[in-house]
There are 2 protein chains.
Amino acid sequence: MNALLRDANPPLTRSVEDYLKVIYHLSNQGGFAATSDIAAMLEVAPPSVSGMVKRLSETGLIEHVPYRGVQLTAQGRRAALKMIRRHRILELYLTQHLGYDWGGVHAEAEQLEHAVSDELVERMASTLGHPLYDPHGDPIPTAAGEIEEAELVPLADAAVGLKLELRQVGTQDSARLHYLAEQGLTPGVLLTVSERQPFNGPTTIALVPSGDRRVVGRELAQLLWCREVPVDGYGAAAR
Amino acid sequence: MNALLRDANPPLTRSVEDYLKVIYHLSNQGGFAATSDIAAMLEVAPPSVSGMVKRLSETGLIEHVPYRGVQLTAQGRRAALKMIRRHRILELYLTQHLGYDWGGVHAEAEQLEHAVSDELVERMASTLGHPLYDPHGDPIPTAAGEIEEAELVPLADAAVGLKLELRQVGTQDSARLHYLAEQGLTPGVLLTVSERQPFNGPTTIALVPSGDRRVVGRELAQLLWCREVPVDGYGAAAR
DNA sequence: TAATATGATTAGGCTATACTAATCAGATTA
DNA sequence: TAATCTGATTAGTATAGCCTAATCATATTA
Ligand SMILES: [Mn+2]
Ligand SMILES: [Mn+2]
Ligand SMILES: [Mn+2]
Ligand SMILES: [Mn+2]
């Protein structure tokens, strides 16, 4: 068929949707997403990425600087955030209404995100009461494409003595998620940093208010993104 | 890659799943599904069907008699019934739990059926209480691949005077479905056939127990599949 | 039986997406 | 600066699906 007659705005394919999502995650801090990182995250060979990058930049979804990497255009970012909204609403719906646990829900959402209609996503969102966070604590973009940018610190880097709220868990690995849930380490819990061993050693924390202690190795402590909470004390209520 | 090393049982693609479903529907009464009928139902050109038929019969999912048509093998039938189960459970879940109406639900299920996992389907089924029929009255195959074969007659062919239960509505067209719902003609309603005009004229029915009358044109009357119900009367309770 | 109409198939192309092998560019190190 | 390493890109190939145009087989009709 004549290229001039082809649909100017064809719907995005499954593959394209997944590429945009990983490019969003890899270039989130303002940098470039590298070909090899995209390839690793999608479990695809680097030349496949080079090929897709060419098509996506021709379509105007990304900007490509050869040998440096890619960034999303405004249009690409909108499309990526739409997919992330879908994914996170699906994850929450599946856990809240269909008995999924937070370790198993990611894989299912990864497929469904490409098949649900806008209508279905919005029906789920309203059934859920227009939630702000998914089961892993990640913020859900609005339908208009806005997303909360929280300033969080990994538990691994938090100073001893601080009081923290665990906000996001930065993995989708189900073994790690199951272990963390067993330990009571889910978004929303409060804790204080008791001590940290040197040479990349574990961090010991005390859960609030139970006071139960947990020793968290560095690998996991880097996945636990926390927000600093003002310590209770005389006059704290006045703030 | 070497053909001998390729995965012997790759997962079915979306397209293949849809082909198997329509072949099931077209060859249900034991006959052959014709290329052109498959093409029409999938909105695809006949040569595309010839191509797919070749691959499906090489894979052992269908049997092809050139210039006659195709039939499902046992393996193909299993796969088709699995998709039909998914489709119908999805339709029912969407109507019961997410506020869809029976006219809009088909299109959504048509996409989702390819993306849901077995686990999700079974979770939905158990949330629904392992239902036997979808919103249109169509029987839901069991997970083991059994399906109820009811002996139904279209309202258009039912003799005047009979008492009937409307069991299935044989269309997915949303305008027709919305109209039928307005008229109170949904699966489960009881009615008696009051009269029928000659020369393919409309059928007049009386709803039971309200007695409300409806005049149903032949096109719609052919879509309303009914089961004969013994008429109430002296001694009827004894049977 | 011969001509025709209908429907199915084959021939030949196109796009999206992946792959491997070969080459190239930029950064690092001797 | 020159050699080397790393990662990115190009070249060439494959498969699943789809398309149109041309051809072929079967059933119907004259
Ligand atoms: Mn995905
Ligand atoms: Mn998540
Ligand atoms: Mn489908
Ligand atoms: Mn249905």
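Each chain gets a letter, A, B and so on, in the order its sequence line appears, and its residues count up from 1. None of the values given here were measured: they were computed from a predicted structure.
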Practice item. Take nucleotides 3-8 of chain D nucleotide by nucleotide from the 5' end and write B, S or -, depending on whether a protein heavy atom sits under 4.0 Å from the base, only from the sugar-phosphate, or from neither. Key: ----BS

Study note, to complete from the structure: Whole-Å distance, A/Arg14 CZ to C/dA16 P, equals 17 Å

Check your understanding: Is the phosphate of C/dA16, meaning OP1 or OP2, less than 4.0 Å from a side-chain N or O of A/Tyr19?
Key -> no

Review point. Residues from residues 51-59 of chain B sitting under 4.0 Å of DNA chain D, heavy atoms only?
Key: B/Met52, B/Arg55

Practice item. Please determine if a side-chain N or O atom of A/Ser15 lies less than 4.0 Å away from the OP1 or OP2 oxygen of C/dA16. Key: no

Review point. Can we say B/Glu119 and B/Arg123 salt-bridge, meaning some charged N sits less than 4.0 Å from an Asp/Glu carboxylate O?
Key: yes

Practice item. Tell me what B/Ser48 touches on the nucleic acid: a base, only sugar-phosphate, or nothing, going by heavy atoms under 4.0 Å. Key: base

Point to revise | B/Leu20 CG to D/dG17 P, straight-line distance once rounded to whole Å | key: 11 Å

Practice item. Determine the contact category for A/Val44: base if any of its heavy atoms lies under 4.0 Å from a base atom, sugar-phosphate if only primed atoms, P, OP1 or OP2 are that close, otherwise nothing. Key: sugar-phosphate

Check your understanding: What do you reckon, are the aromatic ring centroids of A/His106 and A/His87 less than 6.0 Å apart?
Key -> yes

Practice item. Search all heavy atoms of B/Ala181 against all heavy atoms of B/Trp102 and return the closest pair with its distance. Key: CB-NE1, 3.6 Å

Review point. Quick one: do A/Glu17 and A/Lys82 make a salt bridge, cutoff under 4.0 Å?
Key: no

Point to revise | Heavy-atom closest pair, residues B/Leu20 and B/Ala79 | key: CD1-CB, 3.8 Å

Check your understanding: Taking A/Arg227 for the side chain and A/Leu164 for the main chain, is one N or O donor matched with an acceptor at less than 3.5 Å?
Key -> no

**Study point:** Residues forming a salt bridge (charged side-chain N to carboxylate O under 4.0 Å, His left out) with A/Glu122, sequence neighbours excluded
**Key:** A/Arg85

Review point. Of all heavy-atom pairs between A/His136 and A/Thr171, which one has the smallest distance, and what is that distance?
Key: CD2-O, 4.4 Å

Study note, to complete from the structure: A/Asp18 atom CG is separated from C/dA16 atom C1', nearest whole Å, by 15 Å

